[in-house]
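Hydrogens, waters and symmetry mates are skipped; everything else that's a heavy atom, side chains included, is used. Each chain gets a letter, A, B and so on, in the order the sequences are listed, and its residues count up from 1.
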There are 2 protein chains.
Amino acid sequence: MTSKDDKTIRVTMKDVARAAGVSQSTVSFVLSGTENMRISAETRARVLEAVEALGYRSRAAGRPTGGQGHRVIGLMFDEIATSPFASISIEGLQEEAWKQGVIVEVVMTGGNRAHETAVLNKWAADRVHGVAYASILTREITPPDALARHKAVLLNCTDSTGRVSSIVPAERRGAELATRTLIEVGHRRIAFITGEPWMDASVQRQEGYKRALSVAQIEVDPALIVEGNFLPSGGHAATVALLESAQPPNAIFCANDLMAIGCYEALKERGHRIGETIGVMGYDDQEVAQHLSPRLSTVLLPHREMGQWCARKLLDSSDMNPEAIRLEGPIMIRQSHLGVCAPETTA
Amino acid sequence: MTSKDDKTIRVTMKDVARAAGVSQSTVSFVLSGTENMRISAETRARVLEAVEALGYRSRAAGRPTGGQGHRVIGLMFDEIATSPFASISIEGLQEEAWKQGVIVEVVMTGGNRAHETAVLNKWAADRVHGVAYASILTREITPPDALARHKAVLLNCTDSTGRVSSIVPAERRGAELATRTLIEVGHRRIAFITGEPWMDASVQRQEGYKRALSVAQIEVDPALIVEGNFLPSGGHAATVALLESAQPPNAIFCANDLMAIGCYEALKERGHRIGETIGVMGYDDQEVAQHLSPRLSTVLLPHREMGQWCARKLLDSSDMNPEAIRLEGPIMIRQSHLGVCAPETTA
DNA sequence: TCAGCTTGTTAATTTTTATTAGCAATAATT
DNA sequence: AATTATTGCTAATAAAAATTAACAAGCTGA
């Protein structure tokens, strides 16, 4: 009886073609991204739009394959993971999926579009349950056209077209919270060492820093914002500059943990006792954060939870509406952020 | 051109039907589980058996014989990679495979045998070209039985039965070379901080250390071998113990880089200048090694090359004989291993 | 015994998609 | 202006899989 009901007139390529005002062949070409077929950007967009509007999924993708055999989720990374970020989100996704007997296959494409398309088409033929498309660097991307044939989510990146669900860390809120933590333990002159200025994470963390200061009615002093490069060397140089300025800060917020390593060294060289004479806050909660002395207070990126969310979103077949999530991570309170208390400086 | 050659004869419903002694329609009904069609349990079982035997997977309809289905190599990791070791070997394997248009699918099983078997069976059904089975910790393992179905290699682990080809880092030779490097720049009293004693890598690195001393006709002083734990804390404690002993060393070889971090701290606390008053050598070439000050001389693990070897071994169809490789990695010569020169002490 | 029903299957047909070849329209070249 | 190339697409076609209708075999009750 249900079998009659879910006979809901399957959406086929022909339907998409009609809606987009092109031929079925064109739809096929767009979706399988065949190189030697030239389709104008405009037509491609029209086709993808129609695919989205009609909810076309090649075959009953995202539905248990009537037969047996394990279901599969594909996880595609653009670049290879040097940082442990990737591993942790893979782990989260994988564990959550395996709870439901679903296998996760990971592919690293090196950002090569041909490679991506080949894999997405292979997965379409395999009728994977869904695909998570992940970026190492948090950023806005344009997913490959072939992704449209899958039930998909974006991990650690957002979709410029807004068609696909996505989850990214809430960098702004994380940085705001970290800065507020520094303020709450009494710091008032809080410096910020930025990352590479072209990276979204860098910009957003700086925005969070400024907003926390504004909320606390502390004036943002441009002299306290120094450009770094997300590497220890940059952290070292920026810290030296800050210490030699007219009014040195009493706390330093580094836009990532690696820069905090350099910051530590510079502070120690000048005789500072971190967590006592000056406070330091990092970002990322890389493994080193726990090994620095004193242990570095930092902001955790919720990569595991992001991976879990992807698995749940892909496996919940009732949940089809696209949404863009920004997930907050907790502040890892350790020792480095403490320091000279405000009462002493105001007294 | 190569695409013409690998005309992987696609298994179609018709083939399954022939094998099960039924019609294509029946196979279709069994697989799509259409309710209003009655198929006897017996026939259903026969069909499913044939599907399994032939490794049939439903392909998107309408693919003519051309079938340029990409070949696939499966890469299976037991544990999730917190360290970047895994990422680098994945990268090596993947790049080498993609050169030949072969896709690499990675699966992390968390060491769960049921999961491993499920994936290996799925890959068998997918007709993957080969499987690399990898371990995060270098060690001897017993591969799952289902691995026997595949052309397989072991990455970073060895096979207790010796049936499967394997590649692991040459820990003994690496440690020997590192120790020799310390000797060559003039050190004579060289201490060794061990890792967790139950780990193979720890034992073998210690053997290499001893062998280098023997070759150089330097007596192995048991007081210079201190137990660590592969963590900065252990490196710190061991270094303190060494410095407070009757005859402190003039170089310290840490069995991994993390311990070198703790070692650095302890040395700096006691006023040592690393690379001048004392030499330090690490192992692993983790990313921090470049960020420590002075930059840490250490032994590189050839993970990329190991991954590449796996791809080549699996893709070279003429090469079937099993072999067990131990691959050497170079010493990353930086500043930390230098120190009090021999000429001064001998003069 | 035999019409009528159920069950299990298949042959034939239809649907769906991939792919080859080629066509109209423009752009570049002579 | 004529010729050639290139671009952007479609028509036609090929093939796999889904579906329909039909059919054989067994079974039931008059």
Taking only side-chain N and O atoms of [X], does any of them lie within less than 4.0 angstrom of OP1 or OP2 on [N]?
X: B/T43; N: C/dG8; answer: no
X: A/Y56; N: C/dT16; answer: no
X: A/T12; N: C/dT17; answer: yes

Protein-nucleotides 11-14 of chain C N/O pairs under 3.5 Å:
unit_1, atom_1, unit_2, atom_2, d
C/dA11, N7, B/S25, OG, 3.4
C/dA11, N6, B/S25, OG, 3.1
C/dA12, N6, B/S25, OG, 3.4

Requested in this report: Report the residue (A/R38 or A/S28) whose heavy-atom-nearest nucleotide on DNA chain C is the more 5′ of the two.
Outcome: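 On the 5' side of the pair lies A/S28.
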Query raised in the report: So which nucleotide from C/dT17, C/dT10, D/dC9 ends up closest to the side chain of A/M13?
Result: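 In terms of side-chain proximity for A/M13, the closest of C/dT17, C/dT10, D/dC9 is C/dT17.
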Query raised in the report: The side chain of A/V22 lies closest to which of these nucleotides: C/dT19, D/dT10, C/dT9?
Result: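 Nearest to the side-chain atoms of A/V22, counting from C-beta on, is D/dT10.
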Query raised in the report: Which part of the nucleic acid does A/S32 contact within heavy-atom distance under 4.0 Å: base, sugar-phosphate only, or nothing?
Result: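 Since no nucleic acid heavy atom lies under 4.0 Å of A/S32, the category is nothing.
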Requested in this report: Begin with the C-alpha distance, continue with both residues' side-chain angles, and end with the deciding distance and a verdict on salt bridge (Lys or Arg N to Asp or Glu O under 4.0 Å) for A/E323 and A/K313.
Outcome: CA-CA 10 Å; A/E323 49 184 336; A/K313 182 85 180 177; 2.7 Å; yes
Report task. Decide side chain to side chain donor-acceptor pair (under 3.5 Å) for B/T117 and B/R113; before the verdict, give the C-alpha distance in whole Å, the side-chain angles of both, and the deciding distance to 0.1 Å. Result -> CA-CA 6 Å; B/T117 305; B/R113 270 290 143 112; over 6 Å; no
**Report entry** 5′-ward residue of the pair A/S40/B/K14 relative to DNA chain D
**Finding:**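 Whichever sits nearer the 5' end wins; that is A/S40.
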Query raised in the report: Would you call the rings of B/H150 and B/W123 parallel, tilted or perpendicular, where under 30° means parallel and over 60° means perpendicular?
Result: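 Aromatic pair B/H150/B/W123 classed perpendicular.
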